[in-house]
Amino acid sequence: EVQLQASGGGLVQAGGSLRLSCAASGFSFDDYAITWFRQAPGKEREGVACISFSESRTYYLDSVKGRFTISSDNAKNTVYLQMNSLKPEDTAVYSCARGNLCDARVPEYDYWGQGTLVTVSS
């Protein structure tokens, strides 16, 4: 059974760091991409970072470039999102999703994990 589970959210002060984890089961990363999305209150869901295993590429939302890093531990079937220099505007529910390739469009993803809340205080 294909499953994704996001974890690692919490409360952090501006300038601090958090690492989110997306634990996957039921499939191999080799032919897929994993994207971290986030949704803040009153805003549309947006893609934050993606790692494409089929293309061997990573992608980032412009506003997080240089601050966030997406990585994976393939042996553990886990994708991480290291978030540094956090800002209050990063506050959102973060979730991970599986797609064939990295794509910012939500309908392109077939499986989603439950979100984890990140709150950044000023």
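When a residue number appears, it is its place in the shown sequence, counting from 1.
Identified under the disulfide bond (SG atoms under 2.5 Å apart) test for residues 56-116, with sequence neighbours left out: C22-C96, C50-C102.
Checked against salt bridge (charged side-chain N to carboxylate O under 4.0 Å, His left out), R38 has the following partners two or more places apart in sequence or in another chain: E46, D90. Every residue two or more places apart in sequence or in another chain that forms a side-chain contact (heavy atoms from CB on, under 4.5 Å) with S85 is listed here: R67. With sequence neighbours excluded, no residue forms a ring pair (Phe, Tyr, Trp, His ring centres under 6.0 Å) with Y80. Partners of Y32 under the ring pair (Phe, Tyr, Trp, His ring centres under 6.0 Å) rule, at least two apart in sequence or in another chain, are F27.
Summarising the geometry, atom OG belonging to S28 is positioned 7.5 Å from atom CG belonging to N74; distances are rounded to the nearest 0.5 Å. We find the OG1-CD distance between T69 and Q82 to be 7.0 Å, quoted to the nearest 0.5 Å. In this structure, OH on Y59 lies 12.0 Å from CD1 on I70, to the nearest 0.5 angstrom. Note that CD of Q5 is 11.0 Å distant from OG of S95, once rounded to the nearest 0.5 Å. In this structure, OG1 in T91 is found 11.0 Å from NZ in K43, a value given to the nearest 0.5 Å. Atom OG of residue S17 and atom CE of residue M83 lie 8.5 Å apart, to the nearest 0.5 angstrom.
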Donor-acceptor pairs are to be reported for all side-chain atoms of residues 111-121 against protein atoms at under 3.5 Å, with residues two or more places apart or in another chain.
unit_1: T116; atom_1: OG1; unit_2: G9; atom_2: N; d: 3.0

>> side chain to side chain contact (heavy atoms under 4.5 Å, CB included), that's the test. Do L4 and R98 meet it? Break it down for me.
In response: CA-CA 8 Å; L4 299 169; R98 187 187 81 168; 4.1 Å; yes
>> For a side chain to side chain contact (heavy atoms under 4.5 Å, CB included) check, start with the C-alpha distance between S54 and L101, then their side-chain angles and the critical distance, and finish with the verdict.
In response: CA-CA 7 Å; S54 58; L101 297 170; 3.4 Å; yes
> How far apart are the C-alpha atoms of V79 and F29, what are their side-chain angles, what is the distance that settles it, and do they pass the side chain to side chain contact (heavy atoms under 4.5 Å, CB included) test?
Replying inline: CA-CA 10 Å; V79 171; F29 286 160; 3.8 Å; yes
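Residue V93 is not grouped with residue W36 when hydrophobic side chains (ILVMFWY) are merged at heavy-atom distances under 4.5 angstrom, including chains of intermediate members. V48 and V106 are members of different hydrophobic clusters when ILVMFWY side chains are connected at heavy-atom separations under 4.5 Å. Residues F37 and Y60 do not share a hydrophobic cluster, defined by chaining ILVMFWY side chains whose heavy atoms lie under 4.5 Å apart. Note on L61: it clusters hydrophobically with L18, by side-chain heavy-atom contacts below 4.5 Å among ILVMFWY residues.
Looking at every heavy atom in both residues, A40 comes nearest to A92 through N-CB, 3.8 Å.
Each of N84, L20, L81 was compared with F68 under the side chain to side chain contact (heavy atoms under 4.5 Å, CB included) criterion, and only L81 meets it.
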